[in-house]
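Protein chains get the first letters and strands the later ones, always in sequence-line order, with residue 1 at the start of each.
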4 protein chains.
Amino acid sequence: MARRATSGGSAGGGTEPGAATGSGASGSGTTGAVPERLLAEATRLFAEHGYDRTSVQEIVEAAGVTKGALYHYFGSKDDLLHEIYGRVLRLQTERLDAIATRPTPVTERIAEAAADVVVTSIQNLDDTKIFFRSMHQLSPEKQKAVRAERRRYHETFRALVEEGQRDGRFRPEPRPDLVVDFFFGSVHHLGTWYHADGPLTAEQVAAEFSDLLLHSLLRP
Amino acid sequence: MARRATSGGSAGGGTEPGAATGSGASGSGTTGAVPERLLAEATRLFAEHGYDRTSVQEIVEAAGVTKGALYHYFGSKDDLLHEIYGRVLRLQTERLDAIATRPTPVTERIAEAAADVVVTSIQNLDDTKIFFRSMHQLSPEKQKAVRAERRRYHETFRALVEEGQRDGRFRPEPRPDLVVDFFFGSVHHLGTWYHADGPLTAEQVAAEFSDLLLHSLLRP
Amino acid sequence: MARRATSGGSAGGGTEPGAATGSGASGSGTTGAVPERLLAEATRLFAEHGYDRTSVQEIVEAAGVTKGALYHYFGSKDDLLHEIYGRVLRLQTERLDAIATRPTPVTERIAEAAADVVVTSIQNLDDTKIFFRSMHQLSPEKQKAVRAERRRYHETFRALVEEGQRDGRFRPEPRPDLVVDFFFGSVHHLGTWYHADGPLTAEQVAAEFSDLLLHSLLRP
Amino acid sequence: MARRATSGGSAGGGTEPGAATGSGASGSGTTGAVPERLLAEATRLFAEHGYDRTSVQEIVEAAGVTKGALYHYFGSKDDLLHEIYGRVLRLQTERLDAIATRPTPVTERIAEAAADVVVTSIQNLDDTKIFFRSMHQLSPEKQKAVRAERRRYHETFRALVEEGQRDGRFRPEPRPDLVVDFFFGSVHHLGTWYHADGPLTAEQVAAEFSDLLLHSLLRP
DNA sequence: TATGAATGAGCTTTCATTCAT
DNA sequence: AATGAATGAAAGCTCATTCAT
């Protein structure tokens with residue numbers, strides 16, 4: 001069934017980290033390679049109307065191609081969603097891994113990691129919206145793959161919390177796994193209220209969220 | 001056009017506050033009044049498969065009635081979702097209002113409010129799941145109504161944060177509105193990870209979340 | 001199936017000749033006997049939206065009663081339509097019979113009959129619209145009954161044409177049956193263009209149509 | 001939204017003037033291009049049972065395709081009806097324009113035009129039936145378009161009446177617009193009584209109708 | 001005399017996907 | 001690499017009618 005690029009492999013070119021797909025940056029038509037254009041328009045439309053409410057017809061029209069072209073590059077509509085997930089997961093995992101292994105105090109690393117995930121979530125706000133709304137629309141096996149990847153990410157973050165507790169900078173009471181779920185709930189919900197044209201920059205939100213997390217953890 | 005009980009009015013009987021519709025309570029068939037049964041099954045199915053993935057046919061089969069019966073009580077599938085929202089909004093608003101007006105120190109009130117919303121969110125976990133996943137599938141006007149009600153709720157909570165900052169118990173730095181978005185992000189995401197048969201009771205999660213919030217706010 | 005008043009018998013009271021149901025005269029609600037109100041609203045709605053596009057629900061709402069009430073008086077939606085037909089057929093047949101048997105020259109009688117059917121068609125314009133649009137939506141047997149009644153009417157009119165030809169006042173060439181179809185086509189189409197608030201009164205149209213018919217028949 | 005061939009453009013091939021779609025010509029299946037087959041079967045069925053009583057399912061079964069195919073070519077059931085109207089309007093407008101501009105006496109032109117519209121109405125009797133029965137089932141905007149086209153046609157005919165009155169061949173009394181409504185009422189009603197297997201040919205009816213019209217107009 | 005909950009069949013339309021070209 | 005006609009299943013919704021009360 002699936003013809004070409006599916007899960008795991010990028011479809012026809014890499015998505016360079018930093019390539020924002022967030023609100024505003026959507027080239028609306030006929031520039032660039034076909035698979036990229038399809039992914040970009042799909043991301044925009046999924047975020048705007050939801051996965052089930054977006055028809056394949058709408059995607060190909062927005063990308064300026066025909067259905068045959070889409071099915072040439074992607075095995076199914078589902079594959080498109082999976083690829084979007086893959087892109088954002090790869091990006092965030094890479095960044096967290098880089099931050100977590102720095103030779104700085106754990107307080108600093110966790111503050112940076114928290115701020116960074118907020119900034120990149122806002123820069124890719126469409127992906128963020130899709131992420132927490134549409135996971136259950138993936139096929140079960142793909143859901144499993146995404147969840148596994150996500151768990152790895154959470155575990156890396158949790159390890160930082162544990163490290164902070166072990167070396168005495170953080171209060172010992174909070175359960176690290178609950179801290180992670182607590183914080184990433186906040187992050188995933190950015191998509192429901194943050195607007196690029198609102199009063200706050202991504203960096204301001206990042207600083208505040210990071211500060212709230214730190215204060216909830218630090219010994220008084 | 002709209003036939004009968006829709007938003008605002010309860011469909012054929014009151015939903016007593018505290019009546020859990022959460023994961024475990026799926027009465028699978030033919031007991032009770034028809035509108036309640038429809039609402040209960042719809043809630044369960046929407047939480048399980050998502051709004052768009054749940055067909056009207058599935059709902060009526062689960063409730064043991066025919067489509068005609070559903071459309072006798074609800075004007076549309078959309079109305080069903082709206083009624084579910086109305087139910088949970090009413091419940092949570094009532095409880096928060098009761099807590100916010102108690103004659104106790106603001107620290108205590110905010111801790112209680114935070115813990116309470118966690119407990120009721122877990123008790124009605126299906127509603128919680130539906131809430132943050134399916135809002136964008138409501139018709140625009142109904143979305144507006146729900147958002148307005150939600151804003152009222154958030155403002156009450158924010159007022160508690162502001163009160164705590166004014167009387168000097170809370171740090172002055174955090175922006176109250178960001179605090180609210182931060183905390184309710186966490187609450188709304190309970191549905192993505194909490195399981196009734198997991199290691200934590202609702203009260204344990206509530207205590208931890210409440211504690212994390214308090215520590216993020218209190219002066220060191 | 002049919003409970004009470006169906007074809008042939010009037011439903012719960014006679015419709016006095018002359019009681020206009022045409023546009024404008026529709027009492028919109030809760031005055032008068034129930035069956036009359038139902039018939040009046042049905043007439044108005046059938047004329048406005050067509051038979052198939054008018055739901056039983058709309059009719060009972062307009063008449064201010066419930067479905068049960070409608071089905072108490074009429075056996076089916078079809079019966080309503082049939083009753084409307086019956087009403088207008090009875091009215092027009094009576095009037096034509098009265099005119100046709102007058103002791104005046106045939107030229108005068110045919111001119112009067114032509115003018116009269118135009119006037120009463122305009123006075124009951126809703127019935128006229130329904131008549132030629134919705135006949136095929138009647139059940140076959142009722143269609144047959146209506147057509148038989150209509151044929152009787154046409155034959156009376158045709159007899160006048162034949163009489164005029166026999167006594168030499170009319171040209172002998174036109175086939176009397178074609179003359180009847182020719183003229184009643186015009187009459188039945190009044191509903192598609194005549195408006196009460198237009199520039200012409202019913203009497204003016206009647207005079208002109210009658211004049212056109214006469215001139216098409218008279219020897220030069 | 002609207003997919004392909006709709007109003008104005010013919011769907012996949014021209015309808016040659018003269019291609020009869022009338023009662024006898026029901027090709028019942030699988031010859032010819034798909035859009036034409038759909039249009040032909042729809043015409044037959046709409047004429048036979050009415051627009052609302054004909055289901056899309058019946059149309060596609062008669063044409064030997066699936067619903068998807070129908071909606072590939074036509075945006076809606078409504079579009080099908082509109083296309084049928086377009087076809088007959090185009091045909092009749094062309095023919096009237098050709099006759100109206102001939103260099104012959106107005107009496108002759110009007111007689112020919114009258115006879116011609118009768119003949120083509122009978123040749124396309126299904127379209128004629130549909131025309132006057134189903135106009136109000138078109139969407140409002142499409143109704144408007146059809147009416148505008150129809151008005152143009154009527155105005156051309158009315159101009160002939162006026163010309164005849166101006167040059168003294170016709171009686172001055174009849175109002176030209178009423179003459180047009182009078183005559184086309186007769187024409188549109190052909191579908192209610194004419195049968196191809198009856199005693200009269202199309203040409204005989206045409207001659208009689210034309211003659212009746214002329215005599216109603218000519219000075220005695 | 002009238003209610004109104006409930007039925008069950010049917011409606012138009014949408015959609016992801018396939019495949020010959 | 002890409003087209004676009006066609007499929008087939010399912011979706012949300014409407015409606016005339018029935019019947020216990």
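Nearest-nucleotide assignment on DNA chain E puts the 5′-proximal partner with B/Val65, out of A/Thr54 and B/Val65. Along DNA chain F, the nucleotide nearest B/Tyr51 and the nucleotide nearest C/Asp52 are compared for position; the residue whose nucleotide lies closer to the 5' end is B/Tyr51.
Taking only side-chain atoms of D/Thr66, from C-beta outward, the nucleotide of F/dG12, F/dG8, E/dA5 with the closest atom is F/dG8. Here the side chain of D/Ala69 is nearest to one of E/dG4, F/dT7, E/dT7, namely F/dT7. Residue C/Val56 places its side chain closer to F/dT17 than to any other of E/dT12, F/dT17, E/dA16. Considering only side-chain atoms of D/Ser76, the nucleotide from E/dA6, E/dT13, E/dT1 that sits closest is E/dT13. Counting only heavy atoms from C-beta on, B/His72 has its side chain closest to E/dA6 among E/dA2, F/dA16, E/dA6.
Atom CD of B/Glu58 is separated from atom P of F/dA10 by 11 Å (rounded to the nearest Å). In this structure, the OH atom of C/Tyr73 is 18 Å from the P atom of F/dT17, given to the nearest Å. Nucleotide F/dA10 holds its C1' atom 13 Å from the CD atom of D/Gln57, rounded to whole Å. Rounding to whole angstrom units, CZ of residue B/Arg53 and P of F/dA10 are separated by 14 Å. Rounded to a whole Å, the CG atom of D/Leu70 is 18 Å from the P atom of F/dA9. In this structure, A/Ile59 places its CD1 atom 10 Å from P of E/dT17, rounding to the nearest Å. Across the protein-nucleic acid pair, B/Lys77 atom NZ and F/dA11 atom C1' stand 8 Å apart, rounded to whole Å.
Base-pair partner of F/dC13: E/dG10 (Watson-Crick or G-U wobble, both distances under 3.5 Å). Pairing partner, E/dT21: F/dA2, with both Watson-Crick or wobble hydrogen-bond distances short of 3.5 Å.
Taking side-chain N and O atoms only, A/Lys67 has no distance below 4.0 Å to OP1 or OP2 of F/dG4. Phosphate proximity of E/dC11 to D/Ser55: present, with a side-chain N or O under 4.0 Å from OP1 or OP2. Checking the phosphate oxygens (OP1, OP2) of E/dG4, no side-chain nitrogen or oxygen of C/Tyr71 falls inside 4.0 Å.
Using modelled atom types, one side-chain atom of C/Lys77 and one backbone atom of C/Thr54 make a donor-acceptor pair closer than 3.5 Å.
A/Tyr85 pairs in a ring pair (Phe, Tyr, Trp, His ring centres under 6.0 Å) with only one of the listed residues (A/Phe132, A/Tyr51, A/Phe131), which is A/Phe131.
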Test side chain to side chain contact (heavy atoms under 4.5 Å, CB included) on C/Leu39 and C/Phe74; report intermediate values, then the result. CA-CA 10 Å; C/Leu39 268 183; C/Phe74 299 92; 3.9 Å; yes

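A 4.5 Å side-chain heavy-atom check between B/Leu81 and B/Phe46 finds at least one atom pair inside the cut-off. Looking at A/Ile84 and A/Arg87, their side chains come closer than 4.5 Å, going by heavy atoms from C-beta outward.
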